[in-house]
Every structure is written in C-alpha cells, then in structure tokens.
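Notes follow once the structure below has been shown.
Counting starts at 1 for both ligands and their atoms, following the listed order.
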Amino acid sequence: MTKWVYSFGNGKADGKADMKELLGGKGANLAEMSSLGLPVPPGFTISTEVCTAYYDNDRNYPSDLAGQVDVALKEIENIVGVKFGDNANPLLVSVRSGARASMPGMMDTVLNLGLNDITVEGLAKISGDERFAYDSYRRFIQMYSDVVLEVGHHFFEDILEFHKEDNGFYLDTELTAEDWKAVIVQYKKVVEDEYGKPFPQDPNEQLWGAVSAVFGSWMNARATTYRKLNDIPAAWGTAVNVQAMVFGNMGEDCSTGVAFTRNPSTGENAFYGEYLINAQGEDVVAGIRTPQNLTIKGREEHNSDLPSMEETMPEVFKQLDETRHILEKHYRDMQDIEFTVQSNKLFMLQTRSGKRTTAAALQIAVDMVEEGLITTEEAVSRVEPAALDQLLHPTLDPKAERNVIGHGLPASPGAASGQIVFSADEAEKMAQAGKAVILCRTETSPEDIHGMHAAKGILTSRGGMTSHAAVVARGMGRPCVSGAGDLRMDYKNGTLIVRDQELKSGDIITIDGSTGEVMLGEIPTIQPEMSGNFSTLMKWADSIRTMKVRTNAETPNDCRTALSFGAEGIGLCRTEHMFFDADRIVAVREMILSDDEAGRRKALDKILPMQRDDFAEIFKIMAGLPVTIRLLDPPLHEFLPHGEAEMQDVADAAGVPIEKLHARAAKMSETNPMLGHRGCRLGISYPEIYEMQARAIFEAAAQVSKTEGQTVEPEVMIPLVGMKKELEILKELVDRVAKEVMEAEGVEMKYLVGTMIELPRAALRAGDIAEEAEFFSFGTNDLTQTTFGLSRDDAGNFLGAYERNGIIEQDPFISLDQEGVGELVEIAAERGRKTRGDIKLGICGEHGGDPASIHFCQKVGLDYVSCSPFRVPIARLAAAQAAIRK
Ligand code: PEP
Ligand code: MG
C-alpha cells in the first residue's frame, strides 16, 4: 500500500525536513518542528505523489486516499480532543498548499474549514464568544468561495463595505455578532447566485473541495507562469496540508504574525517581524491593517507609535524569541516563520529558509561562520552568484536634488526611475517597448508577477515589509517601496494622488527602496561600493575555487573595473574594438578599402603606433597578469564607411578617388558575412594585418618589460580556426615577428600562440590543431551559432517561440547548451589534452559569466573562465560553488 498521508503533532511526525520532495516545503518543516517539540497544531500532509497521481488519472484520486485521510483526521481529533463536524464542539481545520519551493500564484489557504450554520453555534457556545464564531464563519465563507467555488473576493468586500457604511462603522472590529450574522446571510445569497448552489454545509464535502482546489491550482495560469519564471518543473506537484485551527482572532490576548529570525534586508542578527492583535492569518500579509512591530527595537526603527509584541505580550514574546534561536540552531539558516497566539499560547504554523536581499545573504553567511553555525564552504554555497548583481545596484547620487513627494517602507534596496504605470500588463507592454516603468499598485498579488518582473521598481500604497510586494521584489532584486500611505492610486482615472498633487500615468518618478522615499522626476544614480562582507565571502570563494577567472576587456577602464572585481587576467582582448576610436577609424577604413598590399601597409603603418600604445597601457594596468590578445576577427564590412561623408574622409586620407572606394566596397560585400571573410581567413589573405598586430603586441611587451620592469607574457590568439594548416601558417608568422622584435629590442620574451575553438570542425580536429596551439579558448558564442546553425544576431526574434513550445529551456546564447555545444567542448578538451598534456584551456564566450555554464566548465576541467568585468564576482563565486559541488 502506498503511503499518501503523513501525520504530525504532539511532538511526533511521520515526515522530516529533508522530505520536501514528497511533503512540500511547508509539510516537511511542520513535521520537523513537531518532532523538535515546538508547539505545532496537529495535522497531516497529503503528499505530492497524490498530485502527480491525480493528474495522471484524469483528476481522480488514488482509491485508498480517502481511507488514509480519515485515519489522519482521527489522529488530530484524538490529540485536540474534539471532532470534525461535531455540532457542539467542532474541530476546525486549515487547508494550505505546499509545493517543494514556495509558490505564490497557487491557492494558498482556507481557514476555519468545518464551520456551517450549525457548528458555528457550537463554536459560539464553546468559546463563549458569539462574535468571534460568526466572524470566523464569514471569513471561511469568503475564503472558501473565492478559492474553491471561484466566487470572487470583491462580492464579499462590497457586501461588507455597504454594511459598514449603512451602520456608520469604520473598522471590522466594530461589527457585532448580529452584524456578522446579517452579513453571512448576504454572503450565502451571493454564493447561491454566483455559484448556482448553496454554500456547502457538509464538512467532509468542504474538506475535499478545498483539497481539490489546491491540486487544481497547481495547473492554473498564475502558477504555471511562476513555475516558468523560476524553472520549477510541473512534475514536482504540490502537497496539501490539513491542520487543526488555532485562533489569533479570539480576543485581545490573541494575535498572529510573521517574522524573520534575522533582518532580511540588512542581515543584522536581530529578530524582525510584524504581528496583529486579534487577527487571523492572512490579515498580516494581506496588508489590510497596518501590522505592528514585534520588537521594541523594530518599533523604534520604524518610528511606529503602535506597541510592539515585546511590550504587549512579553511572556509569549519570550517564548517566540527562544523558538527563533532553536530554529536557527537546528536549521543553521535564517528562517521565515508564521505564528499564532491563541489566548496567550504560542503556536508555530510555518518555518522555512527566509528570502533575503543579497546584502543580507552576505551578512548572514559571514555572521553564521563567525557564530560557528556553518563552515566557510557552506557560506560560499549559500549565496546565489547571479544575485550578486544586486550589490551592483545603483543608489541615488546624494548630491542630486530630490523632490520627495511621499514615504513608504524601504522594502527592497536599490533606486529606480521610470514612468508611472498602474497595471502589470501595462508594465510588461511598456517594458517590451524599451521603456523604464515603475509599477504603482495599492498592493500587489500573485497576478502581478509578470509586471513586477518587467518593471524597474515597484511602489505600493498599502502593506508592510512582509507584504506580497516586498517579499517578491526582494526575491527578484527589484527596488520596492511598500505601504506609502500618503499616496493614493486611482486606477480608474490613471492618476496617483499625493496630498494636493495629481500625477498621471506616464509621469516619471524615482523610488529609493533603501530609504522608502518616493520622488518626482528622474534622479541620477551612482554605483555602490563593495562591502566588507562581500570581500570576506569572495576571499573564501577564491580559496576554494580551482578555476581562474579572467575578463573580456580591451579598454583601460574596463581592465581597471575588472581588476577591482578580482579578475586574474584578460581572457579576451578584442582588438577590433580598438579600431573604432575617432582617431583611427579612417586609417582602418583606408586599410580595408585599399586593393593592394602596398596600400594596406601604408594604412597599417599609421595604425601600428596606436595599437602598440593600447597594448602597452593594458600590459601596464594588468601588471604581469596573463593577457590574451585576439588578432582581428570580425567581418570587414563592419568597418566600412556608412555615408558619403565618411567615404570621402577615407578617399582623402588614402589619396584615391571616391569611385574607386565605392567599387572596392561593392566587391567586398558578402551575402553571409558571419560565415564569410573573417577571423583567421583575413590573416591568410592579408597577412600584413596580422603581422602589424603581432608587431604591436611584441613591441608593447618589450617596451613595458624594459620601462616598467614587468614580465609580460602575451598570449596571441588566432580566431575562427577550423583547420590545422590555417594555424600553422599564422603561428609561423607570429613567431617570425616575435623573433624580429626580440632581436631588434634586445630582449627575451616568453609568449604563447593559441587559438579559439569556435567552429565544430575545430572542436573535432582539436587533436591535430593542438600540435600548433599552446592554448585553446572556447569561443562559445560562435560555437553555439555554428553548432546550431543559428544566427547569434537574429535568433532573439524567434527563440521565444522555441522556449514557449518547450523546444529549448533557455536561450543557448545565454546558458551553454551542455548537451550539444557542450559535447563539442568536451571532445575538444579531451583531444587537445591528448596531443598536448599541458594545453591551457579557457572559455571566453558570454557563457563564461553564466553560473550554470561555469559549473559545466569545472566539470570539463577548464583552467579558467573569462567574462565581462561586471560578472567577474559572479564567476568567482560560481566557480567556487562548482568546485564544492565537484
Ligand atoms: C565567441 O565567439 O565566443 C567569442 C568570444 O568571440 P566573439 O564574440 O568576438 O565572436
Ligand atoms: Mg567568435
């Protein structure tokens, strides 16, 4: 018999924290907390295997599931001492979804399940609080109808608002039991009208309705989108958690809250959270009432005049604070918890590893090593490499003038400017059109995820630090200001109202997610400094990783930036990028357009000193670190003059009639330039170009060795080699020039000559190419292009359809296609090493900065990865994680 249902409660559990695949994150952690002896209301988890079976069987459950649920329900009844469906003293349960990874977009929670017209009277009597019983019942009808019967929230909101208005009430707490009874009558009527049947009264029917709604929501559009954005396979399925209810809304000695065991924005080791007195679960996250701070410190930091839990419920707070330490010690990570206090008794409803900003992730990782909770290897493994990007987020220039129009909570760090938009769809549309937008909402919900993704920043007028907007924005690394109460979003009229000002959609604002300020207009930003934690973690990463990290750079500025980020050399210096400077492009064009060697040499003589100076400067900056310089690579047409005026400049410089140049340009035009006269093919047809470049490199190296006393060992790289003979000819040329320069300068220099592997033929023939090449650098941009037969310049137009149709999971130009292109890399590495045991292997395609591709490079045993300067820290961390995983 398959076990479908896993019970927990009373200090025991069938499951454990490491059973997330089967029980989902929530279920596994409830089981773990229960086994730890923490106060968890008893319950059971219906496993993710049921979800899979349900979909495999045309939405039918395994036949023995119902029996197992009955047994588990009995166990709850035994622990709590009351019966499900009992008229006098009913057991009420909550039903929640719980996938392996937290998944906004799915059905979340139904509370108070088991109430009906009869049991509500029982609850009223037994609790001695009629108002509470009917309030609970109306909440249940509303939640259940919304998520199970699909009768939308707004029907119920309207009824409640009208009732309050008619009776002159302002707060929900002003409604009496009689009021709730009247509201319930109307609630039930709207269900009957909209759903076509009365609200279900049978607790069992309610339970199975909720369970099916959870499983059903696994495949809804929002959940599917979220899975896609976060690479969560549909096959994982969700679990369902059914748990005895505890009530945070039974009076002033009750409350409910959410907390992080450390500050999720800064990482500071301080308890951090919010709670609401006399409230139930979702009230806190929904942002309907403004939550109060958990601690005195938090209250003071937020300038709040509402008392903290530490003050209002000191005993329970103490227990909660102890629980915080127990959980951190046990999980050895910062936790995100949910709790409820019923009549001064604490209950834990959830724990999971808490989402945090990158700055907080660094702080926590470094602190936890110091506290002896984790090892440096674990610390390095805990920070998501791609998330380091967040640390490079711009902040507002402190010198810039700011016109602050409103304040909210500093929900997610970084500053952003953009046009006001009021809907997620609009945000997505404008972002696709290349516009920077700030998504402005009263509050956000899972429906808004795509718009939050598209926006530069998010601004809400309601909700706390743990509201949907705040949590999701932090996870995405989008700046966010939440709960800016002095702003009002008027969706209907497309306006944002701040006191006496009215802003329209399209107006530009700036938000600062680190201070909570909202400002009018665009404000200049500056790049942040790296923090001490960052360099500590990076040092640990560097001591663990085995691959070197170089950079792709050719300007002095990029070289310096890369060095400051820890680059250990240059893996690709694209010499052609140096040709575009205003002072040399005319000479370059003159070289290209001359139709004989003499003409080319005349132009090359003008370029030589400029290239030499460029290289000398780079060698100086790189101070002895390896520098790989690639000889001219791109199709020449990229350099051709664009208009008549540019053509005339070249004609003047070369002293030839413009017509001659036109004729030559026409002759050079190619149908398929990417596969045309480029790379080493240029060196074969016009050896004088490569000769000039080699001379510039060696003369610069000789000069820097002499004047700076530095050892410079240039690595000369020949692009687009497909055949050994190509490399043989060009290597001979480079060697000859090197010898000439060394003799002329009277110096001895070490240097390497190698090639890029960026054509399938080169990968396959790597064995004989390695007889000539002293190093290989995988040019995976071109290798991807030529392996797929997919233009790297045009593929973006249709790859989206390939992703939507499930043909590819990711753009292969962003993350290496490990199966196909990767196999060629493996073959080349293996065959290259067989010929030349000490051949140096690296990667310089864009994939060199992509964490998944870096893991692959480690597996293949490359010596280094090379990436753009801003990705160097990401690559260092990813390389360390790859070394750990190996
Ligand atoms: C490559 O092809 O991967 C490469 C690094 O060269 P480029 O992008 O300049 O063609
Ligand atoms: Mg290339």
Looking only at distance, does Glu576 have an N or O less than 3.5 Å from an N or O of ligand 1? no
Is a donor on one side and an acceptor on the other found under 3.5 Å between the side chain of Ser685 and the backbone of Arg681? yes
Please state which part of Gln785 comes within less than 4.0 Å of ligand 1, counting heavy atoms only: side chain, backbone, both or neither. neither
If you count the atoms of ligand 1 from 1 in the order shown, which ones are under 4.0 Å from a heavy atom of Asp782? 1 (C), 2 (O), 3 (O), 10 (O)
Protein N/O/S atoms closer than 2.8 Å to the Mg ion (ligand 2), ordered by chain and number, come to Glu758 OE1, Asp782 OD2
Is the shortest side-chain N to carboxylate O distance from Arg601 to Glu691 below 4.0 Å? yes
Can you sort out which atoms of ligand 1 are near Cys844, meaning under 4.0 Å from one of its heavy atoms? 5 (C)
Asn781 side chain to Glu846 main-chain N or O, any donor-acceptor pair under 3.5 Å? yes
Using a strict 4.0 Å cut-off to heavy atoms of Thr780, name the atoms of ligand 1 that fall inside it. 3 (O)
Sub-4.0 Å heavy-atom approach of Met756 to ligand 1: yes
For the 3.5 Å polar cut-off, considering only N or O atoms, please tell me whether Leu572 and ligand 1 meet it. no
Flag for Ser777-Arg630: side-chain donor and acceptor within less than 3.5 Å: no
For Phe778, the option from Leu824, Val860, Val825 that meets side chain to side chain contact (heavy atoms under 4.5 Å, CB included): Val825
Worked check of side-chain hydrogen bond (donor to acceptor under 3.5 Å, both in side chains) between Gln858 and Thr546: CA-CA 8 Å; Gln858 174 86 30; Thr546 54; 3.0 Å; yes
Could you check whether Glu772 pairs with Lys731 (Lys NZ or Arg NE/NH1/NH2 to Asp/Glu carboxylate O, under 4.0 Å)? no
What I want to find out is whether Lys548 reaches Asp863 closely enough, with some N-O distance under 4.0 Å, to be called a salt bridge. no
In Asp558, Ile618, Thr628, the residue satisfying side chain to side chain contact (heavy atoms under 4.5 Å, CB included) with Cys573 is Ile618
Between Arg736 and Glu732, does any side-chain N to carboxylate O distance fall below 4.0 Å? no
Distance from atom 6 (O) of ligand 1 to nearest protein heavy atom, with residue and atom: Arg630 NH1, 3.0 Å
Numbering the atoms of ligand 1 from 1, which are under 4.0 Å from a heavy atom of Gly779? 1 (C), 2 (O), 3 (O)
Any idea which atoms of ligand 1 are less than 4.0 Å away from a heavy-atom of Arg574? 4 (C), 5 (C), 6 (O), 7 (P), 8 (O), 9 (O)
Hey, does Arg792 sit under 4.0 Å from ligand 1 if you only count heavy atoms? yes
Side chain of Glu568, backbone of Val549: donor and acceptor closer than 3.5 Å? yes
